[in-house]
Amino acid sequence: HDKWEIDPSELTLLEELGSGQFGVVRRGKWRAKMEVAIKMMKEGTMSEDDFIDEAKVMTKLQHQNLVQLYGVCTKHRPIFIVTEYLKHGSLLMYLRKHETTLTGNYGMLLDTCIQVCKGMAYLERHNYIHRDLAARNCLVGVENVVKVADFGLARYVLDDEYTSSGGAKFPIKWAPPEVLHYTRFSSKSDVWAYGVLMWEVFTCGKMPYGRLKNAEVVERVQRGIVLERPPRCPEKIYAVMQMCWAHNADDRPSFRGLKDELKLLELD
Ligand SMILES: COc1cc2c(cc1NS(C)(=O)=O)=CC1=C(NCc3c(C)cccc3C)N=NC=21
């Protein structure tokens, strides 16, 4: 009996938490007491067999800043993906909801960025590329813990609109030049996305590049124009974002290097 296979009869489905293009997420209980989140994958949105192979790897990725995958239910359709439950939901919603109390609280905002960086440094160490790092794909739990979610899932999405850089649903605003041109993903393309996530955090959830159309963003990124410093964001913090947006992937820091940079800022 594969340990990543969960017996659906041991799950209790509770309220809906959200629904996205890949299916519905519900809160639930596993073996009556463990609080979990269950994503019921909409049929046809994902290459399921490939994902199920990946799930075995994902259950081995364990870090306090990664949303823990508990297992999958694959003996029926739709398949269920079961993870730990984080009670404050998506980081993006959390930033927007708490904008008034978070604005100016650099300690909190920087701590949020450091936690995401730690989770990403763990993935980097394990040569695991996220491919869709953004505030919407991070979750907030008790005591302001922040965890990276959905890592690696982008590879199994069947919808070309989402996977090809020309598609309408492709996360253009978090993509570096080499991804826009050649769809060349790497931990350094995750670092570019991390810089945009820092910008999201220090603007308390604003949309990067505002209402600019994807084509206009592509044009700017190719010309080397990057996001402006968020209002009242300390220069030293904006300087770290700019390091993540180096045009040449090799000139960007690693997540390991970023962690040291950010820790130094924490001392200021
Ligand atoms: C409290 O509010 C929430 C809590 C969660 C949540 C959404 C909300 N609400 S909302 C939409 O932000 O407003 C999604 C999850 C989740 N895992 C999701 C997940 C699964 C199950 C499978 C594969 C990948 C992932 C990321 N763990 N806890 C929560």
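When a ligand or atom number is given, it counts from 1 through the structure's own listing order. As the structure is a computational prediction, the values presented were derived from the model and not from experiment. Residue numbers count from 1 along this sequence.
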task: Under 4.0 Å from a heavy atom of Met93: give me the atoms of ligand 1 that qualify, with their elements.
output: 13 (O)
field: atom 14 (C) of ligand 1: the protein heavy-atom neighbour that sits closest, reported with distance to 0.1 Å
entry: Val25 CG1, 3.9 Å
message: What protein heavy atom lies closest to atom 7 (C) of ligand 1? Include the residue and the distance to one decimal.
response: Leu17 CB, 3.9 Å
- request: Compute the shortest N/O to N/O distance between Asp150 and ligand 1 and return yes if it is under 3.5 Å, no if not.
  value: no
- request: Would you mind running through ligand 1 and noting each atom that sits below 4.0 Å from a heavy atom of Ile81?
  value: 21 (C), 22 (C), 23 (C)
query: Looking at Phe170, does the NZ or CZ of Arg131 lie under 6.0 angstrom from its six-membered ring centre and within 45 degrees of the ring axis?
result: no
field: ligand 1-proximal atoms of Leu139, by part, heavy-atom distance under 4.0 Å
entry: side chain
- prompt: If you count the atoms of ligand 1 from 1 in the order shown, which ones are under 4.0 Å from a heavy atom of Tyr85?
  reply: 1 (C), 4 (C), 27 (N), 28 (N)
Geometric N/O contact Leu86 with ligand 1, under 3.5 angstrom: yes
query: If you count the atoms of ligand 1 from 1 in the order shown, which ones are under 4.0 Å from a heavy atom of Ser90?
result: 12 (O)
field: ligand 1 contact by Glu84, heavy-atom criterion under 4.0 angstrom
entry: yes
message: Whether the Glu5 and Thr74 side chains hold a donor-acceptor pair (N or O, under 3.5 Å, no angle test) is what I'd like checked.
response: yes
query: Going by distance alone, is a donor N or O of one side chain under 3.5 Å from an acceptor N or O of the other, for Gln222 and His247?
result: no
field: Ring geometry between Tyr156 and Phe51 (parallel below 30°, tilted from 30 to 60°, perpendicular above 60°)
entry: perpendicular
task: Supply the atom-to-atom distance Arg256 CZ to Glu261 CD, rounded to the nearest 0.5 angstrom.
output: 13.5 Å
- request: Verify side chain to side chain contact (heavy atoms under 4.5 Å, CB included) between Val140 and Val145, making sure each step is shown before the conclusion.
  value: CA-CA 6 Å; Val140 183; Val145 72; over 6 Å; no
- prompt: How far is atom 3 (C) of ligand 1 from its nearest protein heavy atom, and which residue and atom name does that atom have?
  reply: Gly89 CA, 3.4 Å
- line: Note: ligand 1 atoms sitting under 4.0 Å from heavy atoms of Ala37 are 15 (C), 16 (C), 17 (N), 21 (C), 27 (N), 28 (N)
field: Atom indices of ligand 1, in the order listed, that fall short of 4.0 Å to a heavy atom of Lys87
entry: 1 (C)
query: Does a donor on one side chain sit under 3.5 Å from an acceptor on the other, for Asp268 and Tyr106?
result: no
message: Need the ligand 1 atom indices (1-based, order shown) with element for anything under 4.0 Å from a heavy-atom of Ala149.
response: 26 (C)
- request: Enter the distance from Ser164:OG to Lys169:NZ here, rounded to the nearest 0.5 Å.
  value: 11.0 Å
message: Classify the ring geometry of Phe80 against His76: parallel below 30°, tilted from 30° to 60°, perpendicular beyond 60°.
response: perpendicular
message: Give me the residue, atom name and distance of the protein heavy atom closest to atom 17 (N) of ligand 1.
response: Thr83 OG1, 3.0 Å
Aromatic ring pairing Tyr238/Trp245, orientation class (parallel under 30°, perpendicular over 60°, tilted between): perpendicular
